[in-house]
Amino acid sequence: MNDNDRKLGPTLLKADNISLAFGGVKALTDISFEVKEREVLAIIGPNGAGKSSMLNVINGVYHPNAGSVTYKGTVRQQMKPHEAAKQGIARTFQNIALFKGMSVLDNIMTGRTLKMSAGFLAQCLYVGRARNEEIEHRKKVEEIIDFLQIQSIRKTPVGRLPYGLQKRVELGRALAAEPTLLLLDEPMAGMNIEEKEDMSRFILDVNDEFGTTIVLIEHDMGVVMDLSDRIVVLDYGKKIGDGTPAEIRNNKEVIDAYLGVSD
Amino acid sequence: MFYREAGQFKTSYKADQAVFPIFQDKVFVAIWLLIGFVVIPMLANEYVFRAIFIPVIIMALAAIGLNLLVGYCGQVSLGSGAFMAVGAYAAYNFMIRIPDLNPLICFLLGGLSATVVGVIFGIPSLRIKGFYLAVATLALQFFTDWTFSRIDWFTNYTPSGSIAVQPVAVWGFVFDSPIRKYLLCLTVLVIFTIIAKNLVRGRIGRAWMATRDMDVAAEIIGIRPIFAKLSAFAVSSFFIGVAGALWAFVHLGSWEPLAFDINLSFSILFMVIIGGLGSIVGGMLGAAFITLLPLFLNQLPIWLGINMSTAMVSHLEYMIFGALIIFFLAVEPLGLARIWQITKEKLRLWPFPH
């Protein structure tokens with residue numbers, strides 16, 4: 001814990017009384033929590049608890065019916081996803097959302113779109129800024145490729161890669177934006193134990209080396225307990241727990257709802 | 001054996017990101033350019049230029065343009081004929097209304113007019129996708145058909161509604177012979193191909209492909225769908241508009257609104273699909289295939305010495321043409337460009353098996 005106290009910064013993201021409903025279905029009810037800088041926060045809960053909806057609210061895919069999100073000290077109620085991207089929020093998806101027809105390299109390069117600025121004419125002729133920019137960003141992308149150890153597949157179209165590697169490329173694409181806040185939606189779903197270990201290592205390294213704040217959704221309890229500094233538990237759109245892994249492990253309500261009913 | 005990259009190591013990202021990173025490709029393209037600019041003009045006769053090379057080149061330009069939109073950005077469009085019409089009629093109007101304007105500038109202005117129309121009719125793509133978008137662009141086709149046959153201002157009040165133009169003259173140089181027309185079209189095609197290639201390998205091309213493959217993820221990365229889709233519509237319509245101006249002024253010489261009807265839209269879409277979606281070379285291959293196959297089928301009975309009525313020949317031509325398209329799509333749904341790519345991969349070993 002001492003280790004954590006040293007690492008954590010001020011509050012980066014704060015959700016205040018978020019409620020979200022689709023027609024009559026209440027996806028989220030009155031959820032509040034906060035994420036500190038450089039923290040790894042896990043959101044857990046049974047299927048349909050509203051975890052993915054919560055991530056979608058944070059990066060602007062859904063607009064909450066009530067409540068507000070405070071990010072970097074600015075309160076906002078409505079935000080478009082590309083605005084969230086501009087402010088340094090990146091994410092991966094539960095079912096992989098890579099650009100299947102493009103190579104690994106192009107996928108990760110796409111992640112750097114917002115950092116590029118060459119004008120249209122320069123791009124037409126591939127001169128000046130457009131050309132230098134491509135090379136400059138390629139260097140950055142190669143660093144990410146090295147970091148994730150996917151050098152050998154950099155020119156392979158992602159559609160041909162096995163599942164575990166696709167997940168890794170998707171992480172790479174999110175990292176390419178050099179995000180402040182990284183949202184990971186089930187980064188380890190469907191992986192075998194070895195791939196899970198690799199992915200856990202990458203997530204911890206990202207947090208450690210780049211100081212990225214991470215909010216992740218995961219079902220594997222072992223992974224969640226080991227990786228996260230703090231855990232938020234959702235059930236039927238309501239928050240039923242919030243605390244360190246040790247606290248959550250002993251929280252009766254959480255155990256009842258999620259880990260198994262105690263008698 | 002002859003086509004392999006072994007031993008060609010890239011020591012900089014610049015070299016690795018070149019259009020043709022492999023030496024053999026550079027030689028190959030140089031040979032094609034040599035054939036296009038030197039050998040063909042020396043050998044071909046007037047008929048071949050007029051019936052084969054000029055239409056194929058202009059259609060290749062249109063197909064590359066449409067491929068940027070359909071193949072790279074994933075927005076289906078049935079309005080290519082309309083964009084060509086806008087390009088042609090706009091170029092014509094600029095030419096007759098602004099005296100002494102350089103025809104090449106008129107062509108570009110025609111392309112820009114198509115761009116404006118393309119962006120306006122691209123707006124529905126922000127809300128609708130796939131077949132529904134195709135139907136929306138189909139509306140543009142009917143709209144331009146009607147506009148150019150009913151509003152006489154566009155045709156400069158010619159009584160028949162058809163337009164005839166003089167051969168294009170630039171700075172006193174008249175493009176009147178087929179060989180000159182051919183070289184003009186080929187030059188335009190080469191320039192536009194380079195531009196297309198540069199666009200698709202850079203940021204804007206990645207934004208298009210990202211929107212095509214997974215639009216939600218693209219938006220979360222920071223690619224605004226309105227920018228990606230409308231820029232694809234704009235660039236694509238510009239290409240097709242310029243192709244339309246060339247088609248009217250250089251290939252046809254005189255035309256009426258029917259020249260740009262829905263059949264033309266379908267032909268260009270076929271070229272893109274058969275050539276290969278999302279491939280620049282595919283546009284060229286598709287244009288050559290769709291333009292040349294009917295000519296070939298038409299001539300075949302004569303070459304084989306079979307005696308057939310012309311009506312029979314043309315019926316057979318349609319049937320075989322249709323059957324071949326289906327055959328190609330069934331065997332290689334990714335188009336001629338994919339076949340070309342497979343050939344290249346095979347060539348790495350050929351002629352030795354190991």
Side-chain angles (χ1 to χ4, degrees), chain A residues 56 59-61 80-93 96-103 105-118 120-127 130-139 141-142 154-155 158-159 170 173-174 176-177 183, chain B residues 5 10 12-19 21-22 68 71-74 115 191-228 230-232 234-235 238-239 276-279 334 338 341:
Chain A
N56 283 334
N59 76 344
V61 177
K80 289 264 165 69
H82 60 84
E83 288 162 8
K86 235 173 246 169
Q87 296 186 18
I89 302 180
R91 77 171 284 184
T92 66
F93 292 81
I96 298 168
L98 284 168
F99 308 129
K100 293 226 160 33
M102 299 160 75
S103 67
L105 193 62
D106 277 342
N107 264 279
I108 303 179
M109 281 293 269
T110 311
R112 294 195 68 80
T113 298
L114 280 179
K115 309 217 175 274
M116 298 185 153
S117 60
F120 179 74
L121 268 185
Q123 288 190 70
C124 281
L125 305 174
Y126 207 73
V127 291
R131 181 188 196 143
N132 299 336
E133 203 173 57
E134 286 285 315
I135 292 162
E136 188 187 309
H137 286 285
R138 173 80 188 268
K139 278 183 200 149
V141 167
E142 289 290 339
R154 61 160 76 82
K155 297 220 166 145
V158 288
E170 205 187 4
R173 188 181 66 187
L183 311 174
Chain B
E5 67 272 36
K10 304 291 178 295
S12 70
Y13 294 134
K14 188 175 153 188
D16 194 43
Q17 288 179 183
V19 185
I22 300 174
L68 293 179
Y72 284 93
C73 197
T115 304
I191 293 171
F192 276 71
T193 305
I194 294 170
I195 291 176
K197 187 70 200 170
N198 284 340
L199 284 176
V200 298
R201 69 192 170 126
R203 169 172 58 116
I204 206 167
R206 285 193 297 269
W208 291 342
M209 290 186 275
T211 309
R212 170 195 69 191
D213 285 348
M214 193 65 80
D215 50 357
V216 181
E219 196 177 358
I220 277 165
I221 281 172
I223 297 165
R224 296 170 61 187
I226 181 168
F227 163 78
L230 291 188
S231 66
V235 176
F238 181 71
F239 274 57
L277 288 166
S279 157
L334 297 174
R338 177 75 189 135
Q341 204 186 343

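Just so it is clear, the model here is predicted, and its values are computed rather than measured. Quick note on labels: first sequence line is chain A, next is B, and so on, each numbered from 1.
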Visitor: Would you say the side chain of A/F120 lies within less than 4.5 Å of the side chain of B/V235, judging by non-hydrogen atoms?
Guide: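 Yes. Closest side-chain heavy atoms under 4.5 Å.
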Visitor: Who among A/R91, A/E142, A/E83 has the most heavy-atom pairs with chain B under 4.5 Å?
Guide: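 Counting heavy-atom pairs under 4.5 Å, the top option is A/E142.
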Visitor: If you look at every heavy atom in A/G101 and B/R212, which pair is closest and at what distance?
Guide: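 For A/G101 versus B/R212, the nearest heavy atoms are CA-NH2, 4.1 Å.
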Visitor: Provide the closest heavy-atom pair for B/A217 versus A/A97 in the form atom of the first, atom of the second, distance.
Guide: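 Smallest interatomic distance, heavy atoms only, reads CB-O, 3.4 Å.
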Visitor: Using heavy-atom distances under 4.5 Å, tell me whether A/S117 contacts chain B through its side chain, its backbone, both, or neither.
Guide: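 The backbone, not the side chain.
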Visitor: Run the side chain to side chain contact (heavy atoms under 4.5 Å, CB included) check on B/K14 and A/R138 step by step: do they pass?
Guide: CA-CA 9 Å; B/K14 188 175 153 188; A/R138 173 80 188 268; over 6 Å; no
Visitor: Quick one: pull up CD1 in B/I223 and NE2 in A/H82 and give me the separation to the nearest 0.5 Å.
Guide: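 The CD1 atom of B/I223 sits 11.5 Å away from the NE2 atom of A/H82.
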Visitor: Is it the case that atom NZ in A/K100 sees more than 12 heavy atoms from other parts of the structure closer than 6.0 Å?
Guide: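 It does: A/K100 NZ has more than 12 such atoms within range.
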Visitor: Residues two or more places apart in sequence or in another chain: which of them pass ring pair (Phe, Tyr, Trp, His ring centres under 6.0 Å) with B/Y72?
Guide: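 Ring pair (Phe, Tyr, Trp, His ring centres under 6.0 Å) list for B/Y72, sorted by chain: empty.
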Visitor: Heavy-atom pairs under 4.5 Å with chain B: which of A/A176, A/A118, A/A84, A/G159 has the most?
Guide: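 Most heavy-atom pairs within the cutoff with chain B belong to A/A118.
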Visitor: Under the side chain to side chain contact (heavy atoms under 4.5 Å, CB included) rule, what do A/F99 and B/I221 come out as? Steps first, then yes or no, please.
Guide: CA-CA 12 Å; A/F99 308 129; B/I221 281 172; 3.8 Å; yes
Visitor: Does any heavy atom of chain A fall under 4.5 Å from the side chain of B/A218, the backbone, both, or neither of them?
Guide: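 Both parts, heavy atoms under 4.5 Å.
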Visitor: Just wondering, more than 12 heavy atoms not from A/K115 lying within 6.0 Å of its NZ?
Guide: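 Buried by this count: over 12 neighbours within 6.0 Å.
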Visitor: So which heavy atom on A/P81 is nearest to which on B/I220, and how close?
Guide: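 Of all heavy-atom pairs spanning A/P81 and B/I220, the closest is CB-CG1, 4.0 Å.
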Visitor: Please lay out, stage by stage, how A/T113 and B/R203 fare under the test side chain to side chain contact (heavy atoms under 4.5 Å, CB included).
Guide: CA-CA 6 Å; A/T113 298; B/R203 169 172 58 116; 4.2 Å; yes
Visitor: So which part of A/L183 gets closer than 4.5 Å to some heavy atom of chain B, the side chain, the backbone, both or neither?
Guide: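 Contact with chain B: none, neither part.
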Visitor: Measure the CD-CE distance between B/Q17 and A/M109 for me, rounded to the nearest 0.5 Å.
Guide: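 Result: 5.5 Å between the selected atoms.
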Visitor: Below 4.5 Å from any heavy atom of chain B, which atoms of A/L105 appear? Answer side chain, backbone, both or neither.
Guide: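 For A/L105, neither part sits under 4.5 Å from chain B.
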Visitor: Measuring heavy-atom distances to chain B, does A/I135 have an atom under 4.5 Å in its side chain, in its backbone, in both, or in neither?
Guide: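 Its backbone and side chain both get close to chain B.
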Visitor: Identify which part of B/R201 has an atom lying under 4.5 Å from any heavy atom of chain A, answering side chain, backbone, both or neither.
Guide: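 For B/R201, heavy atoms of backbone and side chain both lie under 4.5 Å from chain A.
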Visitor: Counting only non-hydrogen atoms closer than 4.5 Å, does B/A210 touch chain A with its backbone (N, CA, C, O), its side chain (CB onward), both, or neither?
Guide: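 Answer is both: backbone and side chain atoms of B/A210 are under 4.5 Å from chain A.
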Visitor: What part of A/N59 gets within 4.5 angstrom of chain B, counting heavy atoms only: side chain, backbone, both, or neither?
Guide: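 A/N59 touches chain B through side-chain heavy atoms alone.
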Visitor: Find the distance between SG (A/C124) and CD1 (B/I204) and round it off to the nearest 0.5 Å.
Guide: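 Here the interatomic distance stands at 7.5 Å.
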Visitor: Around B/R338, counting heavy atoms of other residues, nucleotides and ligands shown, do more than 12 lie under 6.0 Å from its CZ?
Guide: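 Buried by this count: over 12 neighbours within 6.0 Å.
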Visitor: With a 4.5 angstrom heavy-atom cut-off, is it the side chain or the backbone of A/R112 that approaches chain B, or both, or neither?
Guide: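 It is neither, since no heavy atom gets under 4.5 Å.
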Visitor: Decide, yes or no, whether a salt bridge links B/D16 with A/R154 under the criterion of side-chain N to carboxylate O below 4.0 Å.
Guide: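 Not counted as a salt bridge, because no side-chain N and carboxylate O are separated by less than 4.0 Å.
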Visitor: Could you grab the distance from atom CE of A/M102 to atom CE of B/M214, nearest 0.5 Å is fine?
Guide: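 Answer rounded to 0.5 Å: 12.0 Å.
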Visitor: Give a yes or no on this: more than 12 heavy atoms of other residues, nucleotides or ligands lie within 6.0 Å of atom CG of A/L125.
Guide: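 Yes, enclosed.
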